[in-house]
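Chain letters run A, B, ... following the sequence lines, proteins first and then strands; every chain starts at 1.
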Number of protein chains: 2
Amino acid sequence: MPDPTPPTPSTPPTPSAPKARADAARNREAVLAAADRLFAEHGSPGTVTMADIAAAAGVGKATLFRGFGDRTGLIRALHETRLAPIRQAAEEGPPPLGPTTPPHERVPALLDALLRFKLDNRHLSLALEGTGNGSPYAADHYAHWHTTLRTALARIPDLPTPDFTAHALLAATRADLVEHLAGTEGVPREQLRAQLAEFTARVLGPAVRGD
Amino acid sequence: MPDPTPPTPSTPPTPSAPKARADAARNREAVLAAADRLFAEHGSPGTVTMADIAAAAGVGKATLFRGFGDRTGLIRALHETRLAPIRQAAEEGPPPLGPTTPPHERVPALLDALLRFKLDNRHLSLALEGTGNGSPYAADHYAHWHTTLRTALARIPDLPTPDFTAHALLAATRADLVEHLAGTEGVPREQLRAQLAEFTARVLGPAVRGD
DNA sequence: AGTTAAGCGGACCGCTGGTCCGTATCGTAC
DNA sequence: GTACGATACGGACCAGCGGTCCGCTTAACT
């Protein structure tokens, strides 16, 4: 049983940090920065190896795996860091992302925020979803957005299947689809946002009130 | 330039087969059968290696790569074989899949056929989309369905973005999502079909006529 | 039966994610 | 400032993967 400590102390749940050594924290940041940069430079995340990241960060390979568990853990940690602001805005922020927003406005806002994030961090999102081994649906990151979206959808009358609808709407913003459209097909950013908004509106149906 | 012959003669485009040796054809079938079986047995397609397939088929590894180019080629060939009937039905078959069907009926029928196929061949679809290296959107198999769906959607009035809509609807039937819902979450088959149909109907909007 | 080339298979290669363990460094108690 | 235990470090190391090579086998045609 070689697992006395939690394997991925990426972000300690309790604010009481269990004492992190200074060099460890510094290395952690260096690794995240190096990984971000490398993923951004190379087109396909598959061409960036763990050894590359370690070298770019100026640390040994073992440091990567000690700090993040495995490749997926590193990518998840990086992704989580970048997405945190949006996540927080959706959880407790003001409209249009926050929970007080009426659903006909909030759902498109959430999806648009997600889409913009994936456009701005294409490489990262691609690396996250294209991890290969585990499906994106296993990550609790997905569960979070799904729950948020489903909850908002459930407040819309005459929408019989909020659970599936949330899945389907999220599927429309999947990283590889975004990459295909914005990258390969060259669809302009604003056009893509408009199309997603249009699609979303169609799914939600007409708002009850002026909204 | 070590490439005098086409690298992946999976299905010769011209019906004039360029003379295939008997044992080669036999081996090809054995490989496809073995691969299908192994993918079905193991849960995750990632755990099935090329060596496994070769051993199960009773051939050498080189035979796999000679016949199919690489891992992706093998999976694509297998997938194509299984999907061919549906594909043909969509291309030239009778309603509700064939091209003569009015779009308000055909689009749901196409998506439902795709969903049923992925439910019936979950392992295979998962292996195809989860190839890892290349995104599913690069495969011309995807381009085919997208074009078919977009064409049908374009015939619906007041649907401003048939291209994106086709992508988004197809995204709702992605193999890993289907696997997540039908497998992990245990959503019953008929319920999933009904949900997809409901969602599709919402996207298409009301039919102009009794349809 | 003889000839030829297509087909065969398994040893082999390069590379990857992931691990091990002796060593260097940090944090602390004095 | 120094001594000391705990913690983290790093690069050699490992197992397993997709993919290739080449000497041998065998189908096909005469």
Side-chain angles (χ1 to χ4, degrees), chain A residues 1-10 12 17-31 34-35 38-39 42 44-77 127 130-134, chain B residues 1-9 12 17-31 34-35 38-39 42 44-76 127 130-134:
Chain A
M1 199 178 288
D3 193 14
T5 59
T8 305
S10 57
K19 301 175 184 176
R21 244 171 66 168
D23 53 349
R26 207 180 329 131
N27 278 338
R28 185 183 180 84
E29 289 311 308
V31 166
L38 286 186
F39 280 130
H42 295 62
S44 300
T47 67
V48 179
T49 72
M50 294 287 106
D52 290 340
I53 297 174
V59 303
K61 260 178 59 175
T63 298
L64 297 202
F65 290 98
R66 201 176 313 112
F68 300 96
D70 59 5
R71 179 173 234 263
T72 304
L74 168 57
I75 295 174
R76 283 228 254 265
T131 289
N133 39 351
Chain B
M1 202 179 284
D3 192 14
T5 59
T8 305
K19 301 174 183 176
R21 243 170 68 164
D23 52 351
R26 207 180 329 130
N27 279 337
R28 184 182 180 83
E29 290 311 308
V31 167
L38 285 186
F39 280 130
H42 295 62
S44 300
T47 66
V48 179
T49 73
M50 293 288 108
D52 290 340
I53 298 174
V59 303
K61 260 177 61 175
T63 298
L64 297 202
F65 291 98
R66 200 176 315 112
F68 300 96
D70 58 6
R71 179 174 236 263
T72 303
L74 167 56
I75 295 174
R76 283 227 253 267
T131 289
N133 40 350

* To do: Could you grab the distance from atom CG of B/Asp70 to atom CZ of B/Arg76, nearest 0.5 Å is fine?
  => 8.0 Å
* Asked: How many Å lie between CD1 on B/Ile53 and C1' on D/dC17, as a whole number?
  -> 13 Å
* Structure fact -> With sequence neighbours left out, the residues meeting side chain to side chain donor-acceptor pair (under 3.5 Å) with A/Thr49 are A/Asp52
Can you pull every protein N or O that's under 3.5 Å from an N or O on nucleotides 14-17 of chain C?
unit_1, atom_1, unit_2, atom_2, d
C/dG17, OP1, A/Arg71, NE, 3.1
C/dG17, OP2, A/Met50, N, 3.1

* Does A/Asn27 make a side-chain N or O approach to OP1 or OP2 of D/dA8 shorter than 4.0 Å? -> no
* To do: For each nucleotide in nucleotides 21-30 of chain D, reading 5' to 3', give B when a protein heavy atom comes within less than 4.0 Å of its base, S when such contact involves only the sugar-phosphate, and - otherwise.
  => B----BSS--
* Asked: How far does CZ of B/Arg28 sit from CG of B/Leu74, to the nearest 0.5 angstrom?
  -> 9.0 Å
* Structure fact -> CZ of A/Arg71 to CE of A/Met50, rounded to nearest 0.5 Å, is 4.0 Å
* Give, for atom CZ of A/Phe39 and atom CD1 of A/Ile53, the distance between the pair rounded to the nearest 0.5 Å. => 4.5 Å
* Atom-pair distance (CG on B/Leu64; C1' on C/dA11), nearest Å -> 16 Å
* **salt bridge (charged side-chain N to carboxylate O under 4.0 Å, His left out) partners for A/Arg21, two or more places apart** => A/Asp23
* State, to 0.1 Å, how close B/Ala56 and B/Leu38 come at their nearest heavy-atom pair, and which atoms those are. => CB-CD1, 3.9 Å
* Structure fact -> Taking five pairs at each terminus, the helix from C/dA1-D/dT30 to C/dC30-D/dG1 shows an axis bend, to 10°, of 10°
* **Atom-pair distance (CZ on A/Phe68; C1' on C/dT19), nearest Å** => 18 Å
